[in-house]
K.L.:
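Okay, handing you the structure first.
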Amino acid sequence: MNKIRTRFAPSPTGFLHVGSLRTALFAWLMAKQNNGDFILRIEDTDKSREVEGSIEHIIKSLKALGLNYNEGPDIKGPYGPYRQSDRLDIYKEWAMKLVDKGRAYSEIYSEEELQNFRNEAKQSKEPFLYRNFRPKKLNGYKEGQALRFKSEPKEYLYNDLIYGDLKTPKEAIDDFIILKSDGYPTYNFAHIIDDYLMKITHIIRSSEFLASVPKFLNLYEALEIDPPKMATAPAVLGPDGKKKLSKRDNAKDILEYLNEGYLKDALISFMATLGWNDGTRQEIFSVDQLIQKFSINKVQRSPANFDEKRLLYINGYLIRNLDLDELQVLSKSFWPKEAQNYQESYQRKVLALIQERLKYLGEIEALSLFFFKELDVNKNLIKDNNKLREFTNEQIIKMLEASLEVLLESDFEVDDLQLKLNDLLQKLNQKPAILFSLIRIATTQSPSSPGLFETLNLLGKDRSLNRIKQQISALNN
RNA sequence: GGCCCCUUCGUCUAGUGGUCCAGGACACCGGGUUCUCAGUCCGGUAAUCGCGGGUUCGAAUCCCGCAGGGGUCACCA
């Protein structure tokens, strides 16, 4: 049995989004679970669409997600080169085989003429087929002219790993360009040669290619190549469910998610379950579980909407379940800059308090800033609090002064803070929602925080008392 | 327009003739957790399974038709 080899073959036209990466993930999982190889191939046959820096960006994205490939443009391998623009001679050689066999011919029409043919067909509501306009005699290959494949129309019955058995009519088959006039191959031609030479066993690609498969099958036959197994994944639709996720409208660069503090495991679990599940009630999968459980034929045939809320949920869930050690490692680049003045052990304590509140790591800064930085008093916080705004300034100040007095005598251990502040509650005959909110605002300049006692404990006695004093003096002015 | 594909709660989905007047998760709503936010626990709203015909004792599940959506028909991939 041959080793399973799958590939991801993006063209360098920009960044990678969830939709394209999902296809890569499926291919990667398939390779991994069969101990096979996963190959990265860059399909840069359209120079005009190429975006500077894309290849590096694509590689960075794959690596960031852990979708490591065994062969690729930057690491080489036995079947390289892995960039199509470096393989031009190979395509030419294979194209000539077709010419020699009488299965390819040079384009004889100008662009305008072709456009006219299409327009006429459109007007008469007939499908336009190049094969009806072939040159009478095959004319060989002419440098500087496009080379077109001479098809042999027929019906096909083939199997798609996701869509099942598919039947296509003759009309789906037509002549098409395999080499452009600039000497570069088209996707339609190059990918077939490359997959063959690179010994790809399974092609996983998205559904915009489904309609072209019969043409590919025809070409495989002419080339006398056995086609690999094919799996067509449905498109991922944007949140509105109307059109597919695309760079143009709504899709976000995967690296952007990573930069905002989405975990790679969250992105992977999310992408995998966008159109796939294992038939059980499990909703979130680790990478290892996916490698074990994923199966291409359980992938949904209908397109799935991209729902960022579900991604956010998965991310929060995984963050909560992280070891504090792991979380601390992952958090490194997300601290407010003032945090660098504090020891890692202190950062760790902060992290422990905010961990279960984090939905993505980018929230660390906002949730932790007051632990590291002295903030100006914001009087609006009291006004904005439904309950506190009922009190007069004098009453507020009195409460703060009473708190100050009590806290002065505390050793600031959590238990003691709890005890003393609960006593104060009774003495003032006040509700926790009022007194504790007030102390929270004074000490954090924030409407919410982790538990008050834990927060005060971590802030320490000096800072807590000073902040309350500062709040009082601000209110006195 | 031709050809092809798709259609279960708002969203991701389970479901392959009976245990489904449809289950789970996200989202949303309500309640508990004797402080806020988050979390967590409990509960709730939500799909007559696109529509219409069949087949069958019985259909989300099989068949036919229709509709809607999507893809494709490039010297783009």
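Numbers restart at 1 for each chain; the letters A, B, ... are given by sequence-line order, proteins then strands. Atoms considered below: every heavy atom in the structure, side chains included; atoms not considered: hydrogens, waters and symmetry mates.
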K.L.:
For A:Tyr156 and B:C4, give me the distance from atom OH to atom C1', rounded to whole Å.
P.N.:
16 Å

K.L.:
Using the six-membered ring of A:Tyr257, assess whether NZ or CZ of A:Lys252 lies under 6.0 Å from its centre and within 45 degrees of the ring axis.
P.N.:
yes

K.L.:
Any luck finding a side-chain donor-acceptor pair between A:Ser124 and A:Glu126 under 3.5 Å?
P.N.:
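Result is no, nothing qualifies.
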
K.L.:
What does B:U36 pair with, Watson-Crick or G-U, if both distances are under 3.5 Å?
P.N.:
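Across any shown strand, B:U36 pairs with none.
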
K.L.:
What integer number of Å spans the P atoms of B:C3 and B:A46?
P.N.:
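One P to the other, the span is 42 Å.
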
K.L.:
Both distances under 3.5 Å, Watson-Crick or G-U wobble: report the partner of B:G52, or none.
P.N.:
B:C64

K.L.:
With ring centroids as reference points, do A:Tyr313 and A:Phe270 lie under 6.0 angstrom apart?
P.N.:
no

K.L.:
Which pairs would a plain distance check flag for residues 423-441 of chain A, meaning a side-chain donor or acceptor within less than 3.5 Å of a matching protein atom at least two apart in sequence or in another chain?
P.N.:
{"from": "A:Ser437", "atom 1": "OG", "to": "A:Ala433", "atom 2": "O", "distance (Å)": "2.6"}
{"from": "A:Arg440", "atom 1": "NE", "to": "A:Ser449", "atom 2": "OG", "distance (Å)": "2.8"}

K.L.:
Please collect all salt bridge (charged side-chain N to carboxylate O under 4.0 Å, His left out) contacts where either partner lies in residues 167-176 of chain A, sequence neighbours excluded, each pair once.
P.N.:
A:Arg134-A:Asp175

K.L.:
Taking only residues two or more places apart in sequence or in another chain, which ones pass side-chain contact (heavy atoms from CB on, under 4.5 Å) with A:Ile90?
P.N.:
A:Arg87, A:Trp94, A:Ile193, A:Leu197

K.L.:
Taking the C1' atom of each, how far is B:C9 from B:G1, in whole Å?
P.N.:
36 Å

K.L.:
Tell me, which of residues 379-388 of chain A have any heavy atom that sits under 4.0 Å from an atom in RNA chain B?
P.N.:
none

K.L.:
Using purine N1 to pyrimidine N3 plus N6-O4 or O6-N4 for Watson-Crick, or N1-O2 and O6-N3 for G-U wobble, both under 3.5 Å, which nucleotide pairs with B:G43?
P.N.:
B:C29

K.L.:
Applying side-chain hydrogen bond (donor to acceptor under 3.5 Å, both in side chains), name anything that partners A:Ser106, two or more places apart in sequence or on another chain.
P.N.:
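Expected list: none.
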
K.L.:
Could you note down all residue pairs passing ring-ring contact (aromatic ring centres under 6.0 Å, His included) where residues 161-188 of chain A supplies at least one of them, sequence neighbours left out?
P.N.:
A:Phe149-A:Phe176, A:Tyr187-A:His191, A:Tyr187-A:Phe209

K.L.:
Heavy atom of residues 262-283 of chain A under 4.0 Å from RNA chain B: which residues?
P.N.:
A:Thr273, A:Leu274, A:Gly275, A:Asn277, A:Arg281, A:Glu283

K.L.:
With a 3.5 Å limit on both atom pairs, tell me what B:C9 is paired to, counting Watson-Crick and G-U wobble, or say none.
P.N.:
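B:C9 is paired with nothing.
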
K.L.:
Could you please spell out the steps behind the side-chain contact (heavy atoms from CB on, under 4.5 Å) verdict for A:Gln328 and A:Leu324?
P.N.:
CA-CA 6 Å; A:Gln328 194 163 15; A:Leu324 198 49; 5.6 Å; no

K.L.:
Using a heavy-atom cut-off of under 4.0 Å over every strand shown, decide if A:Lys359 touches base, sugar-phosphate, or nothing.
P.N.:
sugar-phosphate

K.L.:
Which value, in whole Å, describes the distance between the C1' atoms of nucleotides B:U48 and B:A60?
P.N.:
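Going atom to atom, C1' in each nucleotide, I get 11 Å.
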
K.L.:
Select from A:Ala304 and A:Glu356 the residue whose nearest nucleotide in RNA chain B is closer to the 5' end of that strand.
P.N.:
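Final value for this comparison: A:Ala304.
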
K.L.:
Can you check the distance between B:G30 and B:U45, where both ends of the measurement are the P atom (answer in whole Å)?
P.N.:
15 Å

K.L.:
With a 4.0 Å heavy-atom cut-off, tell me which residues in residues 307-319 of chain A come close to RNA chain B, sorted by residue number.
P.N.:
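The answer is A:Asp307, A:Lys309, A:Arg310, A:Tyr313.
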
K.L.:
If you look at every heavy atom in A:Gln289 and A:Ile284, which pair is closest and at what distance?
P.N.:
OE1-O, 4.0 Å

K.L.:
Measure from the side-chain heavy atoms of A:Asn305 and tell me the nearest of B:G39, B:C12, B:U13.
P.N.:
B:C12

K.L.:
Quick check: closest heavy atoms across A:Asp44 and A:Pro12, and the distance to 0.1 Å?
P.N.:
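What the structure gives for the nearest pair is CB-CG, 3.6 Å.
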
K.L.:
May I have the distance from A:Leu129 (atom CG) to B:G2 (atom C1'), rounded to whole angstrom?
P.N.:
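Atom CG in A:Leu129 sits about 9 Å away from atom C1' in B:G2.
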
K.L.:
Quick one: what's the B/S/- string for nucleotides 30-37 of chain B, heavy-atom cutoff under 4.0 Å, read 5' to 3'?
P.N.:
-----BBB

K.L.:
Over all strands shown, is A:Lys170 touching base, sugar-phosphate only, or nothing at heavy-atom distances under 4.0 angstrom?
P.N.:
nothing

K.L.:
Measure from CZ on A:Arg301 to P on B:A60 and round the result to the nearest Å.
P.N.:
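A:Arg301 atom CZ is separated from B:A60 atom P by 19 Å.
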
K.L.:
So which pairs with a foot in residues 151-163 of chain A pass salt bridge (charged side-chain N to carboxylate O under 4.0 Å, His left out), sequence neighbours left out?
P.N.:
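Every salt bridge (charged side-chain N to carboxylate O under 4.0 Å, His left out) pair that includes a residue of residues 151-163 of chain A, provided the two are not neighbours, is A:Arg103-A:Glu152, A:Lys154-A:Glu221.
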
K.L.:
Applying a 3.5 Å limit to both distances, which nucleotide forms a Watson-Crick or G-U wobble pair with B:C3?
P.N.:
B:G71

K.L.:
How would you summarise protein contacts on nucleotides 70-77 of chain B per nucleotide, using B for base, S for sugar-phosphate only and - for none, with heavy-atom distances below 4.0 Å?
P.N.:
SSS-SBBB

K.L.:
Considering only the P atoms, how many Å lie between B:U7 and B:C26, rounded to the nearest integer?
P.N.:
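It works out to 25 Å between them.
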
K.L.:
Are OP1 or OP2 of B:A14 and a side-chain N or O of A:Gln300 less than 4.0 angstrom apart?
P.N.:
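Yes, such a contact exists.
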
K.L.:
C1' atom, B:U19 versus B:A27: distance in rounded Å?
P.N.:
30 Å

K.L.:
Checking salt bridge (Lys or Arg N to Asp or Glu O under 4.0 Å) between A:Glu107 and each of A:Lys150, A:Lys142, A:Arg148, A:Lys180, which is the one that passes?
P.N.:
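The single option meeting the salt bridge (Lys or Arg N to Asp or Glu O under 4.0 Å) with A:Glu107 is A:Arg148.
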
K.L.:
I'd like to know if A:Arg41 and A:Glu43 make a salt bridge, using a cut-off of under 4.0 Å between side-chain N and carboxylate O.
P.N.:
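Looking at A:Glu43 together with A:Arg41, the answer is yes, because their closest N to O distance falls below 4.0 Å.
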
K.L.:
Which residues pass the side-chain contact (heavy atoms from CB on, under 4.5 Å) test with A:Ala235, not counting sequence neighbours?
P.N.:
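Once residues adjacent in sequence are excluded, the partners of A:Ala235 under the side-chain contact (heavy atoms from CB on, under 4.5 Å) criterion are A:Ser207, A:Leu237, A:Lys244.
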
K.L.:
Please state the C1' separation for the pair B:G10 and B:C28 - nearest whole angstrom.
P.N.:
9 Å

K.L.:
Let's test this: given Watson-Crick or G-U wobble pairing with both distances under 3.5 Å, identify the partner of B:A22.
P.N.:
none

K.L.:
Step through it carefully: locate the ring centre of A:Tyr130, locate the ring centre of A:Tyr109, and say whether they are under 6.0 Å apart.
P.N.:
no

K.L.:
Let's go through A:Tyr220 and A:Tyr196 carefully: what are the C-alpha distance in whole Å and the side-chain angles of both, what is the deciding distance for ring pair (Phe, Tyr, Trp, His ring centres under 6.0 Å) to 0.1 Å, and is it a yes or a no?
P.N.:
CA-CA 10 Å; A:Tyr220 279 116; A:Tyr196 173 66; 8.9 Å; no

K.L.:
Is the shortest distance from a Lys or Arg side-chain nitrogen in A:Lys359 or A:Glu260 to a carboxylate oxygen in the other one below 4.0 Å?
P.N.:
no

K.L.:
Say you pick atom C1' in B:U16 and the same atom in B:A22; how far apart are they, in whole Å?
P.N.:
15 Å

